[in-house]
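Computation of the quantities below employed the complete heavy-atom set of this structure, encompassing side-chain atoms and omitting hydrogens, waters and symmetry-equivalent molecules.
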Amino acid sequence: MKKRITLGMAGIMIISILAGCGNQSYLMDEKYSDYVKLCGYKGIEATKVTFDITDEEIEEAVNAGMYEFVTYDPVKDRGAEIGDYANIDYMATIDGEENEDYSGEGEDIVIGEGYIYPEVEDVLKGMKTGEKKTVEVELTEDYADEEEIGKKATVEVTLNEISVEKFPEYNDSFVKENLNYDSVAAYEESVKQDLIDEKSTEYKYAAIGEIIDFLLNNSQFNGYPDELYEKCKEDYENNNEYNASMYGMEIDEYMDLFGLDEETVKQEILDSVNTELIIGAIAQAEKIECSKDEITKFVEEIYEDYEYESPEEFLEDYSEEEVGYEIIYEKVLDFLYENAKYIEITEKEYNEQLEAEEAEEFDIEEEETQE
């Protein structure tokens, strides 16, 4: 399955192709200012996160990259130990009946990492390949649905294989042969730059999110084209269905998990509609357009990232008009970002703010549940 690309913040495309071979405005054939009276969109305050890349972060990234070259060597001359990789089958019997929901076949776990019932992990220690044991476990909230919590289960576990993780030696020779860098130092400098780019992009779009939220809360909206609403609604539903499939869920399960009730859904679709109106109004006011050359360059740069064989194959799923809209959308976001007024905070302060906000949201949800 190809990775799915979402074009634009709301992911919708309503296009009017203008004649000519120069710059074009891939927007609705509407005057956006008829639907939105923008507040001042230059000089909006947003957060600029300052950061450094630490040696620990570089080491973590290097180790993560090294997993591509890890091998797993079978162990046959001893019993399983904490830290070993184990392939197991296990069958749970609850209330006298085998229960496949709490069982597994051919599952890979790391002993001691909490992937499975603690009692099973304990009994695995010392077991050898091919050995089978039975253990009684208590179903806790970490491993059971609410109605099963507190029940006892009898679990028969079979150890199919033990293996240990083996990393290659990390040195200049390794990076030359496998990573196309002259030395460890050169490779780690590249890793550092990648981390800088990733964080810069992450914090840029966090700031853009603040700017868009300000525009949504302070601009005045006067309806919307029906076609725009239907496109936003369709795209919203398609995104949810796609995300649900990635979680292996039915759409109703996904909606319940993320608290997407009817009121929330309506508001999120309306926010998408109003965001599109804001972007379009600014594009028209600032005469932000794009050329066919920009479209060609954009597609050539991204088609492989989305697992397409060629630009032509990419454009079978996404038209030039859709890509043109995406480019204009990003240009508007860049315009807003470049014209914002920034309040600098450190990465530590930013993360503390996020944690405080998440804790506050959790407390509110708990209060609503109790009511």
Under 3.5 Å side-chain donor-acceptor pair for Ser272 and Tyr236
no

With clusters defined by side-chain heavy atoms of hydrophobic residues (ILVMFWY) lying less than 4.5 Å apart, directly or transitively, does Met91 cluster with Tyr117?
no

Would Val49 and Ile343 show up in the same hydrophobic cluster when neighbours are defined by side-chain heavy atoms closer than 4.5 Å?
no

Any side-chain heavy-atom pair of Phe258 and Asn240 under 4.5 Å:
no

Nearest 0.5 Å, what's the CG-CD1 distance between Asn63 and Ile58?
12.0 Å

Closest non-hydrogen atom pair, Lys331 against Cys290
NZ-CA, 3.9 Å

Pair Tyr254 + Tyr242: ring centers closer than 6.0 Å:
no

Less than 4.5 Å apart, side chain to side chain, heavy atoms only: is that true for Leu260 and Glu268?
yes

Heavy atoms, side chains only, cut-off 4.5 Å: are Tyr342 and Tyr337 in contact?
yes

Donor-acceptor pair between Thr264 and Asp261 side chains, under 3.5 angstrom:
yes

Please report the shortest heavy-atom distance between Gly79 and Ile162, naming the atom on each side.
C-CD1, 4.1 Å

Give the intermediate values and the outcome of side chain to side chain contact (heavy atoms under 4.5 Å, CB included) for residues Asp293 and Lys297.
CA-CA 6 Å; Asp293 286 344; Lys297 182 180 178 183; over 6 Å; no

Does a side-chain N-to-carboxylate-O contact under 4.0 Å join Glu131 and Lys128?
no

Check: Glu234 main-chain N/O paired with Asn238 side-chain donor or acceptor under 3.5 Å:
yes

Is Val110 reachable from Ile116 through a run of hydrophobic residues whose side-chain heavy atoms are each under 4.5 Å from the next?
yes

Is Thr134 reaching over with its side chain to a backbone N or O of Glu156, donor-acceptor style, under 3.5 angstrom?
no

Evaluate Thr275 against Leu216 for side chain to side chain contact (heavy atoms under 4.5 Å, CB included), listing each step before the verdict.
CA-CA 7 Å; Thr275 298; Leu216 286 170; 3.8 Å; yes

Using only atom types and a distance under 3.5 Å, with no angle test, would you say the side chain of Asn99 pairs donor to acceptor with the backbone of Thr93?
no

Go through the steps for Glu347 and Asn351 under the test side-chain hydrogen bond (donor to acceptor under 3.5 Å, both in side chains), then give the verdict.
CA-CA 6 Å; Glu347 188 173 42; Asn351 289 332; 4.9 Å; no

Please indicate whether Lys204 has more than 12 foreign heavy atoms, meaning atoms of other residues, nucleotides or ligands, lying under 6.0 Å from its NZ.
yes

Taking the ring centre of each residue, are Tyr318 and Phe298 less than 6.0 Å apart?
no

Using the salt bridge (Lys or Arg N to Asp or Glu O under 4.0 Å) rule, collect all pairs that involve residues 237-255, keeping only residues at least two apart or in two chains.
Lys233-Glu237

Do the side chains of Glu227 and Lys231 get close enough for a salt bridge, i.e. N-O under 4.0 angstrom?
no

Do Ile149 and Ile94 belong to the same hydrophobic cluster, where Ile, Leu, Val, Met, Phe, Trp and Tyr are linked whenever their side-chain heavy atoms lie under 4.5 Å apart, directly or via other members?
no

Excluding sequence neighbours, so at least two apart, what forms ring-ring contact (aromatic ring centres under 6.0 Å, His included) with Tyr102?
none

Quick one: pull up CD in Glu326 and CD in Glu294 and give me the separation to the nearest 0.5 Å.
12.5 Å

Can you label the angle between the Tyr229 ring and the Tyr224 ring as parallel, tilted or perpendicular, going by 30° and 60°?
parallel

4.5 Å side-chain heavy-atom contact, Leu277 and Pro225
yes

Provide the closest heavy-atom pair for Thr129 versus Val75 in the form atom of the first, atom of the second, distance.
OG1-O, 3.7 Å

I want to check something: taking the side chain as every heavy atom from C-beta on, are Leu333 and Ile212 in contact at a cut-off of under 4.5 Å?
yes

Hey, any chance Ile302 and Tyr308 share a hydrophobic cluster, counting ILVMFWY side chains that come within less than 4.5 Å of each other, even indirectly?
yes

Atom CG of residue position Asn217 - does it have more than 12 heavy atoms of other residues, nucleotides or ligands inside 6.0 Å?
yes

Pair up each side-chain donor or acceptor in residues 34-45 with any protein partner under 3.5 Å, not counting sequence neighbours, and list the distances.
residue : atom : partner : partner atom : Å
Tyr35   : OH   : Glu30   : OE1          : 3.4
Tyr41   : OH   : Glu286  : OE2          : 2.6

Does Glu98 have more than 12 heavy atoms from other residues, nucleotides or ligands lying within 6.0 Å of its CD?
no

Which residue pairs pass the salt bridge (Lys or Arg N to Asp or Glu O under 4.0 Å) test with at least one member in residues 56-84, sequence neighbours excluded?
Glu57-Lys199, Arg78-Glu81, Arg78-Asp84

If I compare all heavy atoms of Gly106 with all of Asp89, which pair ends up nearest, and what's the gap?
N-OD1, 2.7 Å

For the backbone of Glu355 and the side chain of Glu358, can you confirm whether one donor and one acceptor N or O come within less than 3.5 Å of each other?
no

Please verify the inter-ring angle class for Tyr203 with Phe51; under 30° counts as parallel, over 60° as perpendicular, anything in between as tilted.
tilted

Minimum heavy-atom separation for Ala206 to Tyr350, with atom names?
CB-OH, 3.5 Å

Do the two ring centres, one from Tyr181 and one from Tyr187, sit under 6.0 Å apart?
yes

When you look at Glu148 and Asp101, which way does the side chain to side chain contact (heavy atoms under 4.5 Å, CB included) test go after all the steps?
CA-CA 11 Å; Glu148 306 288 355; Asp101 291 339; over 6 Å; no

Assess the side chains of Asn239 and Asn243: does a donor N or O sit below 3.5 Å from an acceptor N or O?
no

Does the side chain of Glu165 come within less than 4.5 Å of Tyr85's, by heavy atoms?
yes

Hey, are the side chains of Tyr32 and Ile279 touching, using non-hydrogen atoms and a 4.5 Å cut-off?
no

Measure the shortest side-chain to side-chain distance between Lys166 and Tyr72 over non-hydrogen atoms and say whether it is less than 4.5 angstrom.
no

Partner residues of Tyr205 under the ring-ring contact (aromatic ring centres under 6.0 Å, His included) criterion, sequence neighbours left out
none

Is there a side chain to side chain contact (heavy atoms under 4.5 Å, CB included) between Lys176 and Ser173? Walk through the geometry before answering.
CA-CA 5 Å; Lys176 283 181 182 179; Ser173 296; 5.8 Å; no

Member of Lys132, Glu107, Lys133 meeting the side chain to side chain donor-acceptor pair (under 3.5 Å) criterion with Tyr90:
Glu107

Atom OH of Tyr247: over 12 foreign heavy atoms under 6.0 Å
no

Rounded to the nearest 0.5 Å, what's the gap from CD1 on Ile327 to CD1 on Ile288? Could you check?
13.0 Å

Would you list the atom pairs, donor with acceptor, under 3.5 Å between side chains in residues 118-125 and any protein atom, with sequence neighbours excluded?
residue : atom : partner : partner atom : Å
Glu119  : OE2  : Glu138  : N            : 3.2
Glu121  : OE2  : Gly112  : N            : 3.1
Glu121  : OE2  : Glu113  : N            : 3.3
Glu121  : OE2  : Gly114  : N            : 3.0
Asp122  : OD1  : Lys125  : NZ           : 3.3

Can any side-chain N or O of Thr296 pair as donor or acceptor with the backbone N or O of Lys292 at less than 3.5 Å?
yes

Heavy-atom closest pair (Ile211 atom, Ala46 atom, distance to 0.1 Å) is CG1-CB, 4.0 Å

